Amino acid sequence: MQQLKMIPKVDRVLEWPAVRELLAGHPRALSLKAVRAVLDRLRAAALAGPLDPTLFSEAAVGAGVARELSCLSAPSLKRVINGSGIVIHTNLGRSILPEAARAALNSIAFCYSNLEFDLDAGVRGSRYSHVEALICELTGAEAAIVVNNNAAAVLLSLSALAAGREAVVSRGELVEIGGSFRIPDVMRLSGVTLKEVGTTNRTHARDYRDAVSAQTALFLKVHCSNFAVVGFTAEVGASELVALGAAAGVPVLADMGSGNLVDFAGLLPCDEPTVQEFVRAGVDVITFSGDKLLGGPQAGVIVGRKAFVEPMKKHPLLRALRMDKLTLAALEATLGLYRDRRTALSEVPTLSMLTAPYAELAARAKRIAKKLRGRLPQAVSLSFAEGFSQAGGGTLPLLNLPTLLIEVGVAGLSPNDVESRLRGAEVPVIGRISKGAFLLDPRTILDQDLDDLAAALAALGE
Ligand SMILES: *Cc1c(COP(=O)(O)O)cnc(C)c1O
């Protein structure tokens with residue numbers, strides 16, 4: 001208790017030369033907050049038990065204030081190193097943008113642009129026009145519009161096509177995507193009545209046919225993005241549903257989820273349909289995400305027949321769901337890479353990471369380990385383990401991609417300790433723990449990460 005008297009007053013701390021210097025570089029209110037926080041902590045510690053008297057010194061308190069200020073002024077949203085091997089990691093920001101998007105963002109973010117100005121005619125233009133032609137060229141669709149994310153794309157499509165009427169959906173496709181996006185809820189929000197047909201595992205053409213009434217506005221098909229139904233199953237494919245719709249005079253809306261534009265045949269062991277296939281099959285309206293397999297910014301893309309997409313451009317909801325100019329710039333740059341399949345596969349990070357062959361990853365793991373080893377203290381050891389990476393982002397849930405993992409062992413620390421220490425590093429490192437080992441997957445570690453990764457691992461030995 002005696003020590004409480006040793007705690008300096010706030011006003012005095014603010015007069016100390018080292019603290020005055022900090023004050024000069026930070027807003028006064030923030031500096032005050034930092035000083036108070038440091039003194040409050042000191043008081044709590046002094047109450048709990050006797051402290052080393054040097055902790056009350058100008059040097060110790062001043063250093064505490066400097067640390068507190070740098071914490072308070074550091075951005076909350078920051079870069080992390082993804083060593084999880086999950087390529088489309090929703091919690092880590094899904095897809096990272098291709099290099100081509102950097103120039104696009106730079107040229108638009110800090111200047112005025114023709115976002116909604118038609119430079120040819122000198123009149124007001126549409127922000128949606130900048131990517132529509134490109135999306136149509138890539139997908140073969142008649143018309144396109146882009147919004148905030150795929151959830152918004154589904155909401156807008158349902159509202160525009162079926163508000164006040166019924167949409168027929170298979171019970172096997174009433175999915176929850178995560179983050180509380182559930183098909184029945186989105187339907188309710190859109191003012192659409194859900195007409196469930198079939199069963200969880202099997203839905204047949206006759207189920208859709210029998211459900212049609214004067215109230216039917218749509219057949220809705222939802223991609224089972226994040227789970228798989230296996231065993232005794234039956235679903236009505238896109239082409240068959242289009243034929244059923246044509247016979248009944250009912251349009252088909254497909255929420256494709258990931259919406260990949262490249263065929264992965266020969267590259268990945270999966271048969272994920274492409275957007276082009278759905279367009280060719282005659283699906284009237286298709287929605288998909290911009291930041292899943294497409295590998296661009298968070299966005300929702302709607303493609304389809306003009307007759308259905310044009311009215312969406314005038315729908316009152318669109319104003320609330322509209323995409324901002326930075327996203328538009330990044331999306332246009334990403335889509336441009338898809339004009340050439342080889343360019344897309346090599347330049348869109350999501351695609352190059354997903355399709356990286358095992359041999360390349362093994363060589364990469366060894367290269368990373370070699371580079372790190374020279375800089376690590378003795379207590380930190382690196383070894384290799386065979387394993388698998390995942391696509392993530394509710395995409396290709398059954399896909400296990402072979403990789404060579406780097407196992408990080410630290411003398412005196414459990415894998416859980418290693419995990420939490422790396423998570424707390426200046427540039428946080430996110431890995432995973434499997435079978436009692438802390439693992440890093442080279443698939444999602446970027447070249448630019450290596451110095452910070454080395455620094456974080458080196459600090460484990462301290
Ligand atoms: C991911 C997904 C969504 C939601 O897309 P966001 O871009 O995250 O809004 C909707 N439907 C399906 C089938 C999905 O896979």
Side-chain angles (χ1 to χ4, degrees), residues 86-97 131 135 144-159 161-162 167 169-190 192 194 203 218-229 235 237-238 241 252-261 264 270-275 277-278 283 285-304 312 317-318 320-324 327-328 330-331 334-335 350 354 390-399:
I86 299 169
V87 178
I88 310 170
H89 198 308
T90 297
N91 300 152
L92 304 185
R94 286 205 183 148
S95 288
I96 61 170
L97 293 176
V131 286
I135 295 172
I145 188 165
V146 287
V147 288
N148 241 326
N149 54 20
N150 188 32
V154 175
L155 180 67
L156 177 62
S157 301
L158 283 171
S159 304
L161 300 173
V169 193
S170 159
R171 288 194 172 89
E173 298 175 7
L174 291 174
V175 306
E176 174 180 315
I177 302 304
S180 76
F181 179 89
R182 290 173 153 193
I183 289 296
D185 296 342
V186 179
M187 290 215 149
R188 205 171 315 118
L189 261 177
S190 323
V192 178
L194 168 63
T203 300
L218 267 186
F219 286 157
L220 171 64
K221 185 151 190 64
V222 184
H223 187 51
C224 301
S225 297
N226 50 4
F227 67 103
V229 184
E235 77 166 307
L241 198 55
V252 176
L253 166 66
D255 170 12
M256 289 191 78
S258 285
N260 51 317
L261 295 179
F264 289 118
C270 72
D271 50 7
E272 187 84 356
T274 61
V275 175
E277 278 168 48
F278 268 44
V283 178
V285 177
I286 299 162
T287 76
F288 54 97
S289 284
D291 55 356
K292 290 184 178 173
L293 281 178
L294 190 72
Q298 178 191 304
V301 183
I302 304 172
V303 301
M312 294 185 200
L317 247 186
L318 181 62
L321 309 176
R322 83 176 181 190
M323 176 179 282
D324 90 299
T327 311
L328 202 48
L331 183 64
T334 307
L335 288 167
T350 295
L354 279 173
Q390 245 102 51
T395 302
L396 312 171
L398 298 184
L399 198 61

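Not measured: the values here are computed from a predicted model. We count ligands from 1, going down the list as the structure has it; atoms in each ligand are counted the same way.
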Do Thr327 and Val146 come close enough that some side-chain heavy atom pair is under 4.5 Å? no
Just wondering, do Asn148 and Gln298 contact through their side chains at under 4.5 Å, heavy atoms? yes
When you measure from the heavy atoms of Lys292 to every atom of ligand 1, does any distance fall below 4.0 Å? yes
Does Val154 have a non-hydrogen atom less than 4.0 Å from ligand 1? no
In the protein, what heavy atom is nearest to [atom], and what distance, to one decimal place, separates them?
atom: atom 9 (O) of ligand 1; result: Ala151 N, 2.8 Å
atom: atom 7 (O) of ligand 1; result: Ser289 OG, 2.6 Å
atom: atom 11 (N) of ligand 1; result: Asp255 OD2, 2.6 Å
atom: atom 15 (O) of ligand 1; result: Ser225 OG, 2.4 Å

Selected option - heavy-atom contact closest to atom 10 (C) of ligand 1, from Asn150, Ile88, Asn149: Asn150
Step-by-step side-chain contact (heavy atoms from CB on, under 4.5 Å) determination, Val154 to Leu220: CA-CA 10 Å; Val154 175; Leu220 171 64; 5.7 Å; no
Go through the steps to decide whether Val169 and Met187 satisfy the test side-chain contact (heavy atoms from CB on, under 4.5 Å), and finish with yes or no. CA-CA 11 Å; Val169 193; Met187 290 215 149; 3.4 Å; yes
Set out, in order, the CA-CA distance, both residues' side-chain angles and the distance that settles side-chain contact (heavy atoms from CB on, under 4.5 Å) for Ile88 and Asp291, then state yes or no. CA-CA 8 Å; Ile88 310 170; Asp291 55 356; over 6 Å; no
Would you compute the distance between atom CZ of Arg171 and atom CG of Leu194 and round it to the nearest 0.5 angstrom? 8.5 Å
Does a donor on one side chain and an acceptor on the other come within less than 3.5 Å for Thr287 and Ser157? no
Of all heavy-atom pairs linking Leu317 and Ser159, the shortest is CD1-OG, 3.4 Å
Subset of ligand 1 atoms that lie under 4.0 Å from at least one heavy atom of [X]:
X: Phe181; result: 10 (C), 11 (N)
X: His223; result: 13 (C)
X: Arg94; result: 6 (P), 7 (O), 8 (O)
X: Gly257; result: 12 (C), 13 (C), 14 (C), 15 (O)

